[in-house]
Structure formats: structure tokens, C-alpha cells
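Okay, so here's the structure we're looking at.
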Amino acid sequence: MRAEEFDARFDRGEDITEALDLSKAHRPGEEQRRVNVDFPTWMIASLDREARRLGVTRQSIIKVWIAERLEQQRGTAA
């Protein structure tokens, strides 16, 4: 498909996913890296209680809370 046709279909709101090679798609800056963090037992228990209450995993709650704090810090640094 030529670029002009691709652009026109996109502009009309048509589905253009068949023209994309999604096997190579990635979000810049969103690559995952593993880190190990040791928490005291009481903190893990608190994290697990909050995660259960919200219906999410421990890892999810940790990621959300850290992301919120980093966004907060970014806002105060500006």
C-alpha cells in the first residue's frame, strides 16, 4: 500500500492495522527491566492487603505507587 493511500485510510478512520507490522512495534521508553527490591515482612503484608482490597497484584500496586510518586516529584521539580 502506498503512503498516500495509507494516510487517506487513516484520515477516514478506517482500520489500517493490516498494513502494519506489529511484530516490531514498541513504545519508546516503555521497555521493561527487572529489579529486585527487599522489603520488610510488615511492608509486604501491607502491600498484599492493599493489593487484595483493590483486586490487583502486589507488583501492580508497587508500580502504580512508584509511578504516582515519580509524577508528583516531576511536578514539584518543574
### Query
More than 12 foreign heavy atoms under 6.0 Å from CZ of F10: is that the case here?
no

### Message
With a 6.0 Å cut-off (strictly less than), is the heavy-atom count around CZ of R69, excluding the residue itself, greater than 12?
### Response
no

#### Entry: Contact summary for G29 and E31, nearest pair of heavy atoms
N-OE1, 3.3 Å

### Query
Looking at residues at least two apart in the chain, or sitting in another chain, which of them share a side chain to side chain contact (heavy atoms under 4.5 Å, CB included) with E68?
V64, W65

### Task
Rounded to the nearest 0.5 Å, what's the gap from CE on M1 to CG on D7? Could you check?
10.5 Å

### Task
For the residue pair D48 and R52, establish whether any side-chain heavy-atom pair is separated by less than 4.5 Å.
yes

### Task
Kindly write out the residues that satisfy side chain to side chain contact (heavy atoms under 4.5 Å, CB included) with V56, not counting sequence neighbours, or none if the list is empty.
A51, L54, S60, I61

#### Entry: Residue D38 excluded, over 12 heavy atoms near CG under 6.0 Å
no

### Summary
Taken in chain and number order and not counting sequence neighbours, the residues that satisfy side chain to side chain contact (heavy atoms under 4.5 Å, CB included) with D15 are T17, E18

### Query
So with a 6.0 Å cut-off around CD of Q59, is the heavy-atom count from everything else above 12?
no

